[in-house]
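Written out below as structure tokens is the structure these notes cover.
Just so you know, these numbers come straight off a predicted model, no measurement behind them.
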Amino acid sequence: MSELFLYNTRTRRKERFEPIEAGRVRIYSCGPTVYAPQHLGNLRAYLFVDLLKRALLAEGLRVTHVINITDVGHLTDDADRGEDKMERAAERSGASAAAIAAKYTGQWLDDRKRLRCLEADVYCKATEHIPQQIELARRLEAKGYTYLLEDGLYFDTSKFPRYADFARLDLAGQAAGARIGDVAGKRQPPDFALWKFAAPGVQRQQEWDSPWGRGFPGWHIECSAMSVHYLGTHFDLHTGGVDHIPVHHTNEIAQSEAGFDLHPWVNVWMHNEHLKLGDEKVSKSKGHTLVLDDLVARGIDPLAYRYFFLQAHYRQQQSFSFDEMEAAATGYRRLLSAAVEARSAAGEPEPEERDALEYERGEFWAAVRDDLNAPRAMEVTWRVARGSLSGPAKRELLLDFERGLGLGLDNQQPQPADSPADPRIEALLEDRRAARARRDFAAADAIRDALRAEGIEIEDTKDGVRWRRVR
RNA sequence: GGCCCGGUGGGUGAAUGGCUUAGCCAGCGGACUGCAAAUCCGUUUAUGCCGGUUCGAUUCCGGCCCGGGCCUCCA
């Protein structure tokens with residue numbers, strides 16, 4: 001029996017995780033909408049899922065992981081109205097919608113690699129599963145869950161009595177304070193489009209024929225259709241950001257459970273909290289689009305962002321600031337230094353330290369099993385890295401922990417690993433070396449100060465002089 | 001208007017009905033260094049406010065204040 005406990009949004013409790021099929025887990029993760037680069041807040045969602053997947057693998061489970069890629073535009077503002085994000089991005093850049101999608105999909109996959117996220121088994125694109133989406137909409141229509149308006153086919157949420165349960169919505173209370181206008185003719189405010197018609201006279205780049213007319217799918221239906229297509233009508237885990245709970249996931253559940261007569265459709269729902277930038281959520285709509293390359297441009301290793309992520313629990317909001325990011329980068333660099341030393345240790349752990357070693361191993365995985373408590377796992381990691389165990393014992397543990405952490409403790413070097421080649425700087429360093437050799441420290445320090453003035457720090461190590469740009 | 005999550009030291013961020021309330025970063029002290037840097041070792045400071053429950057609350061409950069999120073594309 002698994003000792004892994006996960007917080008299930010559906011039940012609002014930590015529960016012992018039991019796979020539907022013994023030894024095997026099926027996960028669906030809500031992935032990116034690829035009309036723009038993924039910002040650091042988006043990436044937190046994928047780091048969270050990666051941590052989850054590593055925890056499941058560490059339990060010895062076979063994991064089938066599906067992530068969708070939303071490459072069909074949805075809407076920019078009001079509910080089921082407004083401009084289409086993909087189409088607008090295409091217009092602005094002059095590229096086709098398909099080219100925009102391909103570009104940002106590629107960037108996202110590259111970000112995942114740089115963050116050492118394990119590859120998913122399936123990356124499924126909405127545009128490549130239009131028939132599955134139409135099929136599900138037809139099922140819902142045949143069962144009487146839909147109605148047709150001028151601009152699309154809608155899901156009638158009043159026909160699905162459990163609609164408010166998942167997110168514990170107070171529909172009446174929400175209706176009273178509704179902030180915006182809505183599509184004319186909708187029977188209830190939460191009703192949503194399964195299929196949208198292209199606006200009259202507008203030639204969209206992305207549109208398809210359907211039984212109801214030419215148009216494009218509603219946003220929510222792709223996840224219902226594709227997850228069931230790849231994972232079956234009943235699967236273990238579904239992940240996403242907390243913002244998805246009240247609308248997107250609520251609607252997915254309505255479509256899937258109504259369409260397939262299931263309950264529960266998914267056993268465990270897990271949601272990551274948001275990253276805060278200053279006092280606000282990192283948000284595309286507010287223009288806070290910090291991306292991984294913004295960190296790299298500051299000389300921060302992408303994996304330092306993973307370290308940053310692991311310092312807080314996934315279900316808590318996490319504050320991002322460059323000060324904290326730099327602090328994390330420092331911590332990460334030091335942890336890597338310890339790992340480099342440990343993994344070069346020769347020999348085997350001493351028999352008499354076996355108990356201490358196994359104790360730390362147990363502490364680490366107990367933290368991971370307790371709803372992915374990465375901060376506590378990091379605490380154990382540091383205790384081992386800086387503790388008094390032998391080199392071989394540290395090597396054994398850190399390589400074991402690496403399976404859960406994904407920080408590169410097995411093969412990464414602290415940045416900057418080497419001084420890049422630069423003849424001018426090397427000549428100055430040689431002058432300084434000569435000055436120090438003749439104990440002319442004033443001359444040596446003058447060179448060091450001059451380099452520092454242009455943002456270059458010198459380190460005298462026992463293996464020679466290293467330098468790096470600090471800004 | 002409704003719903004949700006928080007408020008722990010200088011920053012960040014775990015945990016807990018009593019037991020020394022983690023870890024990281026910063027600061028301070030020390031080692032090392034010609035001096036630094038880097039690294040290592042040691043180390044100071046904390047549970048928003050007011051009530052309640054309890055032998056005992058930072059932890060549970062209620063109220064208040066403050067911050068964030070969702071209800072509209074959003075991880």
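A distance of about 23 Å separates the C1' atoms of B/G48 and B/U44, rounded to the whole Å. Comparing B/U33 with B/C24, their C1' atoms are spaced 27 Å from each other, to the whole Å.
Judged by the 6.0 Å distance and 45° axis criteria, A/Arg298 is positioned over the aromatic ring of A/Phe322. Remark: A/Arg361 fails to qualify as a cation-pi partner of A/Trp365 under the 6.0 Å distance and 45° angle criteria applied to the six-membered ring. The side-chain tip of A/Arg315 points at the ring of A/Tyr7 from less than 6.0 angstrom away and within 45° of straight on.
Backbone-only contact: A/Arg334 has heavy atoms under 4.0 Å from sugar-phosphate atoms and none from a base. Residue-level contact check: A/Val247 touches the backbone only, with heavy atoms under 4.0 Å from sugar-phosphate atoms and none from bases.
With the 3.5 Å cutoff on both pairing distances, Watson-Crick and G-U pairs in RNA chain B assemble into runs of at least 3 at B:1-7 with B:65-71, B:10-12 with B:23-25, B:27-31 with B:39-43, B:48-52 with B:60-64.
Considering only residues two or more places apart in sequence or on other chains, A/Glu430 meets the salt bridge (Lys or Arg N to Asp or Glu O under 4.0 Å) condition with A/Arg433.
Using bins of under 30°, 30° to 60° and over 60° for the plane-to-plane angle, the ring pair A/Phe192/A/Phe155 lands in the parallel bin.
Around CD of A/Glu353, the count of heavy atoms belonging to other residues, nucleotides or ligands within 6.0 Å exceeds 12.
From A/Phe364, atom CZ reaches atom CG of A/Asp400 across 7.5 Å, with rounding to the nearest 0.5 Å.
Ring-to-base geometry places A/Phe441 in a stacked arrangement with B/G34 (centre distance under 5.5 Å, plane angle under 30°).
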Treat primed atoms plus P, OP1 and OP2 as sugar-phosphate and everything else as base, then score nucleotides 10-15 of chain B 5' to 3': B for base contact with protein heavy atoms under 4.0 Å, S for sugar-phosphate contact only, - for none. -BSSSS

